[in-house]
Enquirer: 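Below: one structure in structure tokens.
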Amino acid sequence: MTMLRSLFLSLLCLLPALVAAQVSTPAECVVPSKPGGAMDLTCKLAKKGLAQEGVAATSAGSAMRISYLPGGIGAVAWHSMASQRRRAEPNTLVAFSGGSLLNLAQGKFGNAKAGDVRWVAALGADYGMIAVRSDSPYKTLADLIAALRQHPDKVLIGVSGTIGSQDWLKMALLARHAGIDPKVLRFVALEGGGEVFTAMQADYVQVVSGDTSEATLNASANHARVLAVLSEKRLPGVLANVPTAREQGFDVVWPIIRGVWMGPQVPEADYQRWVATFERAMATPQFAEWRAQAGLYPFALTGPKLTAYVKKAVDEYARQANELGLMR
């Protein structure tokens, strides 16, 4: 009797832990950069989309939270989720972009490969752009190119990432089209689009090579003047009056995919649950409205189709980087 009583008391002590184990962990979206950039926008868009589906309440225990894990132009977040103890978390998503795929292709995440994680959903498309302060003497892309030809040492260009990053490549391609050696340009490597625009407002840099989603926020607040968008044709919305680089004589187009991935050991059932949820969310008119507000354009892929797209894109980026002598 005494033994049974002791066993019963032991089970009572364990009960809180057993109950807690049954409660799903809160959903989390990890931003692999500092607040304020396009990666941040990606997680915020995901949070809005999932809220309308009721996922945060029914599948993840509480409303999705957004956390920030900057460092190594995304490498810190990648290795935290893909190579360490968090690789099997069923309710943790990580934002990614075309820049993330470019970094993978160039070996900036070490020996990481596209197949090392589970690609969940592409939420929209973005484009590259070139911007200056609203009070800048450069009124057009031609003005900026002329200044770079004459005094490249006096124009600091803010980019997210280092040499070989997509922001670096955008400006390097424009310079090459203008007959300027990209090696003479002065780049300032910063962490995330939010930090780059902050640096420009402080006049630490005079030019931003970034993304239209980031520019939409800053241009609408009259903090920046966008000189060119790197799209096939003019974009709708806030940037509708901004000419493309092509219109101004520079044949440079740079589309950017934005979405989320999960750790490689996430159970198949959880992975499929998230894929199906994003498919439902992105099919709604409300999501389309939120996507436009975030400065993104329609581009929806999930699960295996997204995985195939990512692998193809990484291979193509590797080819381009190899041609420019950027491969490690």
Side-chain angles (χ1 to χ4, degrees), residues 37-39 41-42 45 96-102 121-132 134 136 138-146 148 157 159-160 165-180 193 196-197 207-259 282-283 285 287-301 305-306 309-310 312-313 316-317 319-320:
M39 292 289 199
L41 283 174
T42 302
L45 178 59
F96 79 91
S97 71
S100 308
L101 307 185
L102 178 61
L123 308 182
D126 204 348
Y127 289 93
M129 64 85 219
I130 306 299
V132 295
S134 56
S136 171
Y138 311 130
K139 307 296 184 183
T140 66
L141 185 58
D143 291 342
L144 174 60
I145 294 298
L148 291 174
I157 305 165
V159 296
S160 178
S165 69
Q166 64 170 347
D167 288 351
W168 182 92
L169 279 169
K170 295 167 197 170
M171 199 66 224
L173 288 172
L174 283 170
R176 194 167 68 174
H177 273 273
I180 302 172
V196 174
F197 271 93
V207 181
V208 165
S209 174
D211 309 326
T212 54
S213 57
E214 298 160 349
T216 297
L217 294 177
N218 289 275
S220 61
N222 294 319
H223 290 160
R225 177 189 301 129
V226 182
L227 301 182
V229 291
L230 307 185
S231 53
E232 295 87 351
K233 57 184 180 180
R234 292 201 185 194
L235 302 173
V238 174
L239 304 179
N241 293 325
V242 178
T244 66
R246 277 182 172 175
E247 286 180 67
Q248 301 177 74
F250 305 93
D251 191 14
V252 178
V253 175
W254 194 275
I256 306 159
I257 182 177
R258 298 204 174 278
M282 291 191 293
F287 185 87
E289 182 179 334
W290 286 328
R291 181 180 57 213
Q293 290 172 357
L296 299 180
Y297 303 90
F299 188 93
L301 285 179
K305 290 183 178 180
L306 173 60
Y309 176 93
V310 165
K312 183 177 180 181
E316 177 61 19
Y317 280 136
R319 183 191 65 77
Q320 292 177 337

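Heavy atoms only: backbone and side chains are in, while hydrogens, waters and symmetry mates are out.
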Enquirer: With V207 as reference, evaluate I157, L148, V159 under the side-chain contact (heavy atoms from CB on, under 4.5 Å) test and give the passing residue.
Expert: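 Between V207 and the candidates, side-chain contact (heavy atoms from CB on, under 4.5 Å) is satisfied uniquely by I157.
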Enquirer: Should the heavy atoms of other residues, nucleotides or ligands under 6.0 Å from NZ of K305 be counted, would the total exceed 12?
Expert: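 Atom NZ in K305 is not crowded, with 12 or fewer foreign heavy atoms closer than 6.0 Å.
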Enquirer: Just jot down the ring pair (Phe, Tyr, Trp, His ring centres under 6.0 Å) partners of W168, sequence neighbours excluded, or say none.
Expert: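 W168 satisfies ring pair (Phe, Tyr, Trp, His ring centres under 6.0 Å) with F187 only.
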Enquirer: To check you understand the geometry: which heavy-atom pair defines the closest contact between S231 and K233, and what is its length?
Expert: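 What the structure gives for the nearest pair is OG-O, 2.7 Å.
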Enquirer: Of the non-hydrogen atoms in Y127 and I256, which two are nearest, and what is the gap between them?
Expert: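 Distance-wise, the nearest heavy atoms are C-CD1, 3.6 Å.
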Enquirer: Does a side-chain heavy-atom distance below 4.5 Å link F287 with L45?
Expert: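 Yes, their side chains come closer than 4.5 Å.
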Enquirer: Do the side chain of T42 and the main chain of R258 share a donor and acceptor less than 3.5 angstrom apart?
Expert: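 No; zero donor-acceptor contacts below 3.5 Å.
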Enquirer: Do R225 and K139 come within less than 4.5 Å of each other through their side chains, counting heavy atoms only?
Expert: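 R225 reaches K139 side chain to side chain.
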Enquirer: Would you say L235 and V242 make side-chain contact, with heavy atoms under 4.5 Å?
Expert: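 A side-chain contact is absent here, since even the closest heavy-atom pair is not under 4.5 Å.
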Enquirer: Taking side chain to side chain donor-acceptor pair (under 3.5 Å) as the test, write out the residues that go with S213, two or more places apart.
Expert: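 Partners of S213 by the side chain to side chain donor-acceptor pair (under 3.5 Å) criterion, ordered by chain and then number, come out as D126.
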Enquirer: Can you tell me how far CD of Q248 sits from CG of L141, rounded to the nearest 0.5 angstrom?
Expert: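 Here the rounded value is 5.0 Å.
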Enquirer: Without swapping roles, check the side chain of E214 against the backbone of V196 for a donor-acceptor pair under 3.5 Å.
Expert: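 No: the side chain of E214 does not pair with the backbone of V196.
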Enquirer: Considering only distance and modelled atom types, tabulate donor-acceptor pairs under 3.5 Å from the side chains of residues 169-180, sequence neighbours left out.
Expert:
from: K170; atom 1: NZ; to: D167; atom 2: OD1; distance (Å): 2.8
from: K170; atom 1: NZ; to: G210; atom 2: O; distance (Å): 2.7
from: K170; atom 1: NZ; to: D211; atom 2: OD1; distance (Å): 2.6
from: H177; atom 1: NE2; to: D251; atom 2: O; distance (Å): 3.4

Enquirer: Does the side chain of V253 come within less than 4.5 Å of L230's, by heavy atoms?
Expert: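 In short, these two side chains do not touch, never coming nearer than 4.5 Å.
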Enquirer: Any side-chain heavy atom of L101 sitting closer than 4.5 Å to one from I257?
Expert: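 L101 vs I257: side chains touch.
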Enquirer: Hey, is the main chain of M282 close enough, under 3.5 Å, to the side chain of R291 for a donor-acceptor pair?
Expert: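 Not at all, since once roles are kept as given, no pair shorter than 3.5 Å links the two residues.
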Enquirer: If every non-hydrogen atom of Y138 is compared with every non-hydrogen atom of V132, which pair is closest and at what distance?
Expert: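 Answer, listing the atom of Y138 first, then V132: O-CG2, 3.7 Å.
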Enquirer: Tell me whether T140 contacts the main-chain N or O of D143 through its side chain, where contact means a donor paired with an acceptor under 3.5 Å.
Expert: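 It does hold such a pair.
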